[in-house]
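Not measured: the values here are computed from a predicted model.
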Amino acid sequence: MDPMNRGPEEHGHDHGGDDHDASARPQRPRDPLTPDFGQPAPVLARTVQLVAGDFLLTVNPVDGSEIEACPPGERPERPAKRTADDRAELRRAAMPPVPPGPALPRLPLLERQEERERLVRLLARGRSVRLTGPAGSGRTALLGAVADDCADLAPDGVIRLCGYRKTPGELLHDLFAAVYDAPLYRPDRAQLLELVHDIGAVVVLDDLEFGGAALDELLDATPECAFLLSTTPDTAAPAADSHLEEVFLGGLGRGASLELLERVVGRVLDDEEANWAGDLWFESEGLPLRFVQAGALLHQRDQLRADPHAFEEYGYFADTPVDAPFDAGPDDGAGIPLPSLADGAAPAALLASRLSPSARATLKFAVALGGELPHQAHLPALVGDTHADAALAELVGCALVTAVGARYRLAAGVRTQLESAGYADDATEHAKTAAQHYAWWAGHPSVTPERVAAEADAVQAALGALVTPESGAAVLLARTAAPAFAGGLHWGAWERALRSGQEAARNAGEVAEEAYFHHELGILALCGGQLDRARAELEASIGLRGALADKRGMISGRRALALVADRSGGTLPGGRTAAGEEVPDARYEESASPPGGVLAAFASPEPPAEPSAEPDTLVTSKVTPAVGAGAAPSRRSIVSGTRRNLVAAGAGALLAAVLGTVVTLGATSDGDRPEGDRVKTEQSAKEDRDGGGLSADEPQKDSTDRPGGPGDDGVVGTSDDPKPSASGAPSGEPSESGKPSQKPTGKPTDKPTDKPTDKPTDKPTGKPTDKPTDKPTDPPTTDEPTDPPTSDPPPTPTSDAPPSSPDSSPDTSDSASAS
């Protein structure tokens with residue numbers, strides 16, 4: 001069968017009339033039932049518009065944020081303070097998430113009653129206290145108990161903040177957001193200080209990381225607040241005049257440590273375990289964290305003693321019931337000894353080895369992210385297990401992680417112990433996986449900026465781990481997360497993400513992304529009042545986008561740069577406007593003064609120019625006066641810098657160039673003339689030092705008639721000019737005034753100068769005047785005495801072409817054509 005003419009077998013029917021006609025008719029294309037299946041419809045970019053100080057900021061994740069002066073109608077009123085119910089709801093939302101599964105036992109606060117009562121008394125007096133203790137000493141638990149006791153002390157209640165990786169400015173904004181109800185509003189520095197000055201609250205600040213002048217800045221900005229600060233001994237000390245009360249928190253005693261260990265295990269310790277706990281107390285100096293982790297070791301030992309094969313069968317303890325492990329027979333669990341003292345002092349590796357695979361994978365991600373634990377909602381996607389969120393309960397029960405604000409991170413010393421056990425071998429791969437997941441999640445339309453801001457520490461940790469080895473993944477994550485941080489008003493994380501993204505884009509060679517980060521950093525600096533930094537960042541962004549021909553990005557950058565220039569109070573440096581365009585010169589009829597003014601020591605007085613109807617493009621030469629002729633000569637030239645003189649000088653230079661071209665063309669075009677009618681190079685004018693003016697070669701006999709001179713009135717072409725002889729021979733003598741006729745120029749002037757110089761010059765010797773004058777403002781300069789000669793010298797030419805005598809050109813028409 002012919003493949004070009006398909007038969008009926010191919011279609012499954014014969015050549016019947018109806019079927020054949022139906023197959024011959026063109027079939028209408030079938031509309032897809034799901035047009036977007038496999039190719040989801042494009043989602044609009046998530047933009048957030050907020051008020052930042054006096055600016056209206058539109059966070060645009062595509063081309064860069066837009067900023068403008070906030071219109072009067074968009075400016076919010078003074079924000080109102082939150083009610084007690086609103087503060088309670090906000091405080092519950094800021095608590096760390098509860099691990100899934102059965103509720104964990106709440107451990108008591110042992111041997112802290114004295115410190116607790118002292119802290120409450122000091123805060124009730126309005127004093128600020130600095131609580132210092134080593135990591136793992138139970139500072140967070142003590143702060144929670146004191147916060148409950150001080151709930152009714154201040155009008156604005158108790159505000160709990162976290163100072164982990166926070167600056168004083170960020171903490172002031174956190175305090176403002178906790179007290180005032182101001183959505184999508186971020187005040188500037190002056191407004192922020194004014195608003196926090198009226199806050200009267202007990203501020204419980206955990207994990208503070210700065211002291212000295214920065215701490216004084218925080219305390220001075222909030223005089224009506226009483227602070228309870230929690231720091232470690234390695235934090236910088238406050239200033240001597242800060243008036244802070246110091247309270248040091250040490251470890252627990254031996255008895256309290258054993259009691260805490262029994263609370264964790266859930267039973268009474270035997271003699272062997274009590275002796276082991278005593279040695280551990282001496283080694284750990286009574287830190288509560290060590291005894292909670294030691295209790296987890298004993299709990300795992302009890303599970304192994306109840307079912308020795310439980311761990312080997314499943315790889316971890318899977319809900320093994322433990323009723324009475326001590327009542328086991330002498331042979332049951334006899335081979336499971338107590339952990340060594342070294343394991344009790346550094347129990348992280350042993351504890352992690354007995355956890356579920358999901359928990360161990362979660363620990364690997366935490367080690368790769370610098371100790372930051374991803375939120376439990378992200379664990380199933382990261383680990384690849386739908387029940388991986390239950391790993392958080394295991395980690396919290398073993399005290400391998402601890403709460404920091406509204407999230408969890410590895411406890412003190414755990415990261416180092418896990419790295420030595422090999423949990424950091426694939427850190428780069430785990431960080432890359434986390435970065436790809438967070439990039440997808442942060443850019444999803446259903447994820448609010450507030451949720452992204454809550455996960456800022458883990459995102460920044462992924463950025464920091466990938467800037468050098470995996471710059472491409474870091475650029476994608478920073479590009480996606482930075483706009484969400486800005487919209488969530490977490491500007492400290494926004495700035496850190498932008499700087500990490502800029503470095504990653506530079507390492508990866510992605511110029512477009514680097515330009516975006518420069519633009520965003522300029523917007524951030526402008527909102528913070530750092531105009532010089534904003535100008536530098538925006539100009540760098542505009543330059544990179546100009547190289548890429550990104551017109552929309554350049555327009556956005558120029559608008560922001562115009563706002564920077566407006567706030568700076570002048571034009572941008574470099575002679576350019578805020579939009580990056582050249583500054584137009586002043587278009588005035590009068591002369592404009594130089595930018596720095598004319599110095600009086602070098603400015604010579606000039607007579608006012610007489611009004612003239614001559615064109616503005618006329619350029620006259622200003623001759624320096626001779627010594628002894630009046631004013632003393634000036635040794636330095638004065639540059640006026642006016643636009644009009646520059647335009648006139650340029651026009652004169654252009655006219656001279658055009659005339660020279662025309663003369664050259666005319667000279668080369670008359671090659672068919674007789675030899676006598678051509679101008680010879682030997683006929684150059686020579687100056688006569690004896691006062692006879694300029695001499696030239698005599699013309700030939702058959703030259704064309706030409707006026708011999710300008711006549712009595714000094715103007716060529718008038719009725720009183722001498723006429724040529726009837727024979728056609730020119731009168732080779734000079735006129736009565738002794739002035740030889742000059743070569744006509746392309747555009748002759750109406751009147752020549754009255755007192756020309758002895759020597760014609762090709763260029764003006766002085767500054768061109770603003771307006772053309774009939775006479776030079778100064779007497780001519782000559783090498784001879786200033787007495788006038790017996791005969792008038794030749795006139796000064798008005799163009800660059802040297803003057804010639806009447807005898808040097810054949811006739812008037814030829815000379816005009818040559819010109």
Open item on the list: Strictly distance-based, threshold 3.5 Å: is any side-chain N or O of Ser128 a donor or acceptor partner for the main-chain N or O of Phe227?
Closed with: yes
TODO: Please confirm whether the backbone N or O of Leu350 pairs with a side-chain atom of Ser353, one donor and one acceptor, at under 3.5 Å?
DONE: yes
TODO: Decide yes or no for Leu142 and Leu109: does some side-chain heavy atom of the first lie under 4.5 Å from some side-chain heavy atom of the second?
DONE: yes
Task: Side-chain heavy atoms of Asp426 within contact of Lys364, under 4.5 Å - done: no
- [ ] May I ask you to decide whether Glu419 forms a salt bridge with Arg415, counting only side-chain N to carboxylate O separations under 4.0 Å?
- [x] yes
Task: Donor-acceptor contact below 3.5 Å, side chain Arg290 vs main chain Trp281 - done: no
TODO: Salt-bridge test for Asp302 and Arg267: reply yes if a basic N is under 4.0 Å from a carboxylate O, no otherwise.
DONE: yes
Open item on the list: Looking at Arg82, is its backbone amide N or carbonyl O close enough to the side chain of Arg87 to form a donor-acceptor pair, meaning the two atoms are under 3.5 Å apart?
Closed with: yes
Task: Pair Thr83, Asp85: side-chain N/O donor-acceptor within cut-off below 3.5 Å - done: no
Task: Contact check, side chains of Thr433 and Phe365, non-hydrogen atoms, under 4.5 Å - done: yes
Task: Side chain proximity check, Val292 to Leu107, heavy atoms < 4.5 angstrom - done: yes
Task: Expected output: side-chain Glu394 to main-chain Ser356 donor-acceptor under 3.5 Å - done: yes
Open item on the list: Would you say the rings of Trp494 and His490 are close, in the sense that their centroids are separated by under 6.0 Å?
Closed with: no
- [ ] Look at the rings of Tyr438 and Trp441 and say which category their plane angle falls in: under 30° parallel, 30 to 60° tilted, over 60° perpendicular.
- [x] perpendicular
TODO: Give a yes or no on whether a salt bridge exists between Glu503 and Arg499, defined as a side-chain N under 4.0 angstrom from a carboxylate O.
DONE: no
Task: Under 3.5 Å donor-acceptor, Ser500 side chain and Ala497 backbone - done: no
TODO: Answer yes or no: is there a donor N or O on one side and an acceptor on the other, between the side chain of Arg130 and the main chain of Thr231, under 3.5 Å?
DONE: no
Task: Side chain Glu115, main chain Val247, donor-acceptor under 3.5 Å - done: no
TODO: Would you confirm whether Arg360, through its side chain, and Leu355, through its main-chain N or O, come within 3.5 Å as a donor-acceptor pair?
DONE: yes
Open item on the list: Are Val459 and Phe485 packed together at the side-chain level, in the sense that at least one heavy-atom pair is separated by less than 4.5 angstrom?
Closed with: yes
Open item on the list: Do Val158 and Asp148 have side chains that approach each other closer than 4.5 Å (heavy atoms only, starting at C-beta)?
Closed with: no
TODO: Kindly check if the number of other-residue, nucleotide or ligand heavy atoms within 6.0 Å of CG (Asp271) is above 12?
DONE: no
- [ ] Before accepting this row, confirm whether a basic side-chain N of the pair Arg118/Glu114 lies closer than 4.0 Å to the acidic partner's carboxylate O.
- [x] no
Task: Phe248 atom CZ: more than 12 heavy-atom contacts under 6.0 Å - done: yes
Task: Side-chain (Gln293) to main-chain (Ala399) donor-acceptor, under 3.5 angstrom - done: yes
Open item on the list: Could you tell me if the side chain of Ser242 sits less than 4.5 Å from the side chain of Leu215, heavy atoms only?
Closed with: no
Task: His173 vs Trp491 side-chain heavy atoms within contact, under 4.5 Å - done: no
Open item on the list: Closer than 4.0 angstrom, basic N to acidic O: yes or no for Arg139 and Asp206?
Closed with: yes
- [ ] For atom CD of Glu283, decide whether the heavy atoms of other residues, nucleotides or ligands shown that lie under 6.0 angstrom number more than 12.
- [x] yes
Task: Closest approach of Gly344 to Trp276 (non-hydrogen atoms, all atoms of both residues) - done: CA-CZ2, 4.0 Å
